[in-house]
Amino acid sequence: PQAVYLKDYTAPDYRIETINLRFDLDPEATTVTSRMEVRANYDPAEGRRPFVLNGQELELVSVSMDHDPVGDEGYEISDDTLVIPHPPAHFHLEVVTRINPSANTALEGLYVSGGNFCTQCEAEGFRKITYFPDRPDVMTRFTTTVVADRKEYPVLLSNGDRIDSGELEDGRHYVTWHDPSLKPSYLFALVAGDLACIADHFTTMSGKEVKLELYVQYGNEDKTEHAMRSLKKAMRWDEEVYGREYDLNTYMIVAVDDFNMGAMENKGLNIFNSRFILAKPETATDMDFVNIEGVIAHEYFHNWSGNRVTCRDWFQLSLKEGFTVFRDSQFTADMTSPAVKRIDDVSLLRTRQFAEDAGPMAHPIRPDSYVEINNFYTLTIYEKGAEVVRMIHTLLGPERFRKGSDLYFKRHDGQAVTTDDFVRAMEDANGVDLSRFSHWYEQAGTPRVEVERAYDAAAKQYRLTLRQSCPPTPGQPEKAPCQIPVKTALLSREGAALPLRLAGESQAGGSERVLVLNEPDQTFIFEEIPAEPVPSLLRAFSAPVKLEGGYSDEELAFLMGNETDDFNRWDAGQQLALRVIVRLIEGAPRELDRGLSAAFGKILADDRLDPALVAEALALPPEEYIAECMDEVDPLAIHEARQFVRIALAETHHEALAARYTALADPGPYRVEADAMGRRRLRNACLAYLVQLEGESERAFAQYEAAGNMTDSMAALVALVHNAAPRYDEALQHFYQRWHEDPLVLDKWFAVQAAAPAPGALERVRKLLDHPDFTMRNPNRVRSVIGAFVMRNPAGFHRDLAAYTFLADQIISLDRLNPQVAARMLDPLTRWKRYDESRRNVMKEELERILRVPRISSDVYEVVSKSLA
Ligand code: HT7
Ligand code: ZN
């Protein structure tokens with residue numbers, strides 16, 4: 001496989017003015033007729049250039065140009081292109097191809113899911129449907145006719161407006177769609193099937209009526225209310241916060257069971273993994289409800305950040321994904337709790353994105369090269385990309401950021417642009433210079449910021465020296481300093497945020513400042529500080545960096561009790577707990593740290609605090625985050641030390657945990673509102689501690705039996721299964737009997753078992769793979785068993801070296817069916833250098849074995865070869 005480089009980008013040689021597509025649908029042999037009007041995008045006087053169309057796994061039936069058939073001598077065909085060597089400057093081209101959607105197990109292009117046809121074209125799936133210059137800067141207007149058997153496929157959908165429909169012979173019918181917007185091929189979509197439609201409507205800010213249609217399999221209609229409500233909330237929010245209005249007459253969403261990722265923002269016809277649509281209290285947890293709202297919003301927001309303004313090439317992926325994740329995180333913060341949302345986002349970033357940035361696949365948010373673009377839908381592109389947009393927001397403030405986004409959308413509407421264009425719009429709208437910011441786009445790796453503090457009592461001066469560095473990453477041995485906004489306050493020993501006056505300023509300006517670090521090191525001097533303060537740094541995690549604040553345990557305890565920034569208060573607790581666990585791993589005596597225990601007790605008892613935040617504060621850092629902070633990772637030692645602290649906290653605070661658990665019982669009807677969810681979250685956090693104690697498992701079993709919603713039911717089941725508590729098997733069996741016909745709930749049943757850390761995990765997972773309900777063809781099921789085991793169960797997975805061989809075997813089998821999902825499962829093996837010698841050797845051998853497999857996909861090849869380099 002060959003790498004593609006950003007430096008080789010050139011504008012397309014041909015524009016497609018219009019495309020007319022006709023699909024004669026048949027599961028085994030679908031015929032696709034494509035008619036394009038094509039025009040040279042270069043000066044034809046300089047000589048003719050070949051017209052190159054991408055195509056993969058297509059059976060070519062015929063080619064005609066300007067209505068005349070073209071014989072084999074008139075074109076060149078390879079495994080992935082069709083080339084017309086000397087076309088005129090303007091012509092019409094008809095290409096007829098045949099494809100087999102039911103054999104498409106990779107779920108890219110046109111495939112069959114649950115008996116229905118659907119498409120997935122991002123990033124390069126359109127080339128598996130027909131020959132086309134399949135790149136995001138070739139934008140055109142699509143008219144699509146879908147023809148299929150009326151009985152089997154009564155619903156025929158594509159992008160835009162329905163402009164024609166009718167009956168054909170042999171029981172077939174057709175619908176023609178015209179999309180008035182200019183769009184790249186990756187936003188094309190088609191759906192055909194027998195689906196229930198839930199209809200609603202939305203009046204936009206200018207008074208336009210938009211039809212909203214949600215398509216699901218019959219029987220699931222009662223699980224769509226939350227998705228529809230979320231869509232309307234997202235549409236309103238985007239009008240209010242970004243001034244963005246929906247442009248088409250209809251917004252359609254289709255839920256499918258077999259989907260490689262979460263959802264896809266196809267213009268006017270989103271296709272979703274059913275996991276991010278279907279929910280009712282009996283089948284979905286609070287987390288599912290919140291995620292559904294977030295994903296619906298994310299895809300909706302893409303209508304502007306992604307569709308109306310799209311990416312010039314796939315190196316610019318973070319242009320749409322980073323910005324859209326930032327927008328959806330603002331939305332979720334507004335709909336739920338800003339502090340909880342920030343904590344959840346930063347936890348994800350620090351546990352998973354930081355690891356990616358320190359591993360063999362590390363890449364900048366605007367990569368320089370890739371072998372397989374599907375491997376670049378990463379936490380770096382999405383989450384770090386969103387953090388970079390957030391830093392621009394922090395530097396400019398909300399009003400100036402909005403001016404920048406208005407200019408960006410106005411200037412580039414209908415265009416395919418770059419991340420530089422985004423930053424330039426922010427600069428031009430506000431007359432600021434963000435040129436130092438470009439390193440965030442160009443450099444991989446997580447910067448470190450070290451803090452040195454000094455207080456001069458005589459001069460009443462406080463000096464903060466911030467020193468930045470960034471470790472080398474593959475292909476980038478040296479790093480330039482980044483522009484890092486460090487939101488800062490100084491807290492007096494009484495806990496008050498002091499007024500801040502920097503040296504050179506005539507008067508104090510507020511009690512919180514964004515210090516902008518541009519150089520390798522910089523000193524900030526604060527005047528008139530009456531006594532040595534405790535600095536509150538990087539508030540709300542104002543930059544995606546590793547901060548080394550040099551805090552003592554006492555200072556961390558002080559911050560836990562006195563910080564006014566919710567995120568930093570939570571983080572002080574995490575840092576203290578992390579330190580305690582690391583000391584235990586390093587051999588400290590097995591005693592519960594008194595400071596940590598006291599802080600835990602204080603937070604648990606404080607019923608004035610938001611219960612959701614209390615639940616966050618009681619949680620110990622995840623094992624993956626602890627691993628991130630260690631030089632050599634010993635997953636079992638991490639698990640044991642963390643378990644020791646969990647059990648000791650439960651024993652010490654048994655009564656308080658039980659009292660809080662009882663007091664939080666919710667007698668009212670189930671509500672999906674932030675306050676009710678927060679109460680359930682805290683109650684279930686208490687249960688998770690309690691169930692570890694002798695005699696407490698009955699409490700979890702009783703909750704399991706009494707639960708009237710999936711949140712409580714699942715929390716009890718996890719508590720029982722992950723502690724191998726008495727009667728856990730009974731609960732599992734009951735759960736299976738009750739839910740085995742609901743695929744999304746059955747995924748939870750598989751996942752809870754695959755993520756159980758107790759010895760014997762590998763054998764249990766092998767059995768799960770033999771279960772009649774397991775299938776490699778459904779990505780959700782693969783993620784719920786293999787994914788949960790290898791990515792959410794570090795102790796279970798790393799206990800037995802044979803698990804590495806097991807994972808390699810699964811990847812090899814899965815790669816034949818679905819390379820995209822197979823490549824994602826490789827993640828834990830790519831970290832082989834972080835472990836002790838015996839683990840390292842076996843992981844490396846398994847990676848080498850994968851590489852020797854004949855005809856391995858480019859997806860798996862890229863990840864394995866980079867991790868062995
Ligand atoms: N933009 C979408 C990405 C996506 C995707 C990418 C590769 C293969 C399959 C895929 N399904 C969806 C989703 C999003 O970020 O909104
Ligand atoms: Zn997205």
Side-chain angles (χ1 to χ4, degrees), residues 56 104-111 113 118-129 134-136 183-189 191 230-231 234 238 253-277 291-311 314 316-332 348 365 370-386 389 416 419 778-780 782-783 818-824 857-859 862-863:
Q56 274 172 8
N104 181 351
T105 56
L107 314 184
E108 272 183 315
L110 179 69
Y111 65 95
S113 171
C118 66
T119 52
Q120 172 55 40
C121 293
E122 188 175 359
E124 296 180 337
F126 194 72
R127 63 188 64 186
K128 293 186 168 182
I129 293 176
D134 190 13
R135 41 187 285 174
K183 70 166 181 286
S185 49
Y186 84 86
L187 290 173
F188 171 81
V191 170
S230 302
L231 174 60
D238 212 18
I253 299 182
V254 181
V256 302
D257 284 345
D258 305 290
F259 202 73
N260 281 349
M261 305 252 284
M264 180 61 212
E265 69 265 23
N266 315 300
K267 184 77 190 182
L269 176 56
N270 287 187
I271 299 181
F272 269 61
N273 186 328
S274 52
R275 170 170 142 65
F276 291 111
I277 293 290
N291 289 340
I292 287 170
E293 188 174 86
V295 177
I296 295 229
H298 179 97
E299 305 312 327
Y300 176 73
F301 298 157
H302 267 316
N303 190 54
W304 275 96
S305 48
N307 299 4
R308 298 257 320 219
V309 182
T310 195
C311 302
W314 291 121
Q316 318 298 328
L317 182 57
S318 199
L319 172 77
K320 73 179 180 85
E321 296 304 348
F323 187 23
T324 306
V325 172
F326 173 67
R327 276 151 55 67
D328 85 53
S329 72
Q330 288 181 299
F331 168 77
T332 300
L348 175 69
I365 64 171
Y370 59 80
V371 172
E372 174 51 68
I373 185 59
N374 285 331
N375 286 331
F376 284 77
Y377 286 80
T378 58
L379 287 135
T380 300
I381 300 291
Y382 277 67
E383 312 304 326
K384 184 175 181 182
V389 176
T419 54
N778 176 267
N780 287 355
V782 170
R783 285 185 280 258
N818 189 329
Q820 221 180 99
V821 176
R824 284 181 182 266
S857 69
S858 54
D859 308 58
E862 179 174 33
V863 179

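Atoms within each ligand, like the ligands themselves, are counted from 1 in listed order.
Residue-level proximity to ligand 1 for N374 is carried by the side chain, the only part with a heavy atom below 4.0 angstrom. Proximity of E321 to ligand 1, defined as any heavy-atom pair under 4.0 Å, is confined to the side chain (atoms from C-beta onward).
For the residue pair P136 and A416, the shortest heavy atom distance occurs at O-CB, 4.0 Å. Across all their heavy atoms, L319 and T310 have their closest contact at CD2-O, 3.6 Å. Minimum interatomic distance between Q820 and N374 (heavy atoms only, all atoms of both residues): NE2-ND2, 3.2 Å.
Of all protein heavy atoms, the one closest to atom 4 (C) of ligand 1 is M261 CE, 3.7 Å. Annotation: atom 7 (C) of ligand 1 to nearest protein heavy atom, E122 O, 3.4 Å.
Among A263, P779, G306, the residue whose heavy atom sits closest to atom 12 (C) of ligand 1 is A263.
Side-chain contact annotation: E862 with N375, donor-acceptor N/O pair under 3.5 Å present.
Close approach to K320 involves these atoms of ligand 1, each under 4.0 Å from a residue heavy atom: 1 (N). Less than 4.0 angstrom separates some heavy atom of Q120 from each of these atoms of ligand 1: 5 (C), 9 (C), 10 (C), 11 (N), 12 (C). Numbered from 1 in the order shown, with element, the atoms of ligand 1 that lie under 4.0 Å from a heavy atom of H302 read 14 (C), 15 (O), 16 (O). Atoms of ligand 1 found under 4.0 Å from any heavy atom of E265, numbered from 1 in the order shown, are 1 (N), 2 (C), 13 (C), 14 (C), 16 (O). Every atom of ligand 1 is numbered from 1 in the order shown, and the set under 4.0 Å from a heavy atom of Q820 is 7 (C), 8 (C), 9 (C). Atoms of ligand 1 found under 4.0 Å from any heavy atom of Y382, numbered from 1 in the order shown, are 3 (C), 13 (C), 14 (C), 15 (O).
Between the Zn ion (ligand 2) and the N, O or S atoms of H298, the shortest distance is to NE2.
When atom types are taken as modelled, the side chain of S185 and the backbone of D134 share no donor-acceptor pair closer than 3.5 angstrom. Side-chain atoms of D859 never come within 3.5 Å of backbone atoms of E372 as a donor-acceptor pair (strictly under, hydrogens ignored). Remark: the backbone N or O of K128 is not paired with any side-chain donor or acceptor of Q56 at under 3.5 angstrom.
Note: Y382 and Y377 have tilted aromatic rings, judged against thresholds of 30 and 60 degrees for the angle between ring planes. In this pair, F188 and F126 present their aromatic rings perpendicular. The plane angle is above 60°, beyond the 30 to 60° band.
Considering K320, R327, E321, E265 as possible partners of S305, the one that fulfils the side-chain hydrogen bond (donor to acceptor under 3.5 Å, both in side chains) test is R327.
Taking backbone and side chain together, E321 holds an N, O or S atom under 2.8 Å from the Zn ion (ligand 2).
Between H298 and ligand 1, at least one N/O pair is under 3.5 Å apart. Taking distance alone, with nitrogen or oxygen atoms compared against 3.5 Å, E299 approaches ligand 1 more closely than that limit.
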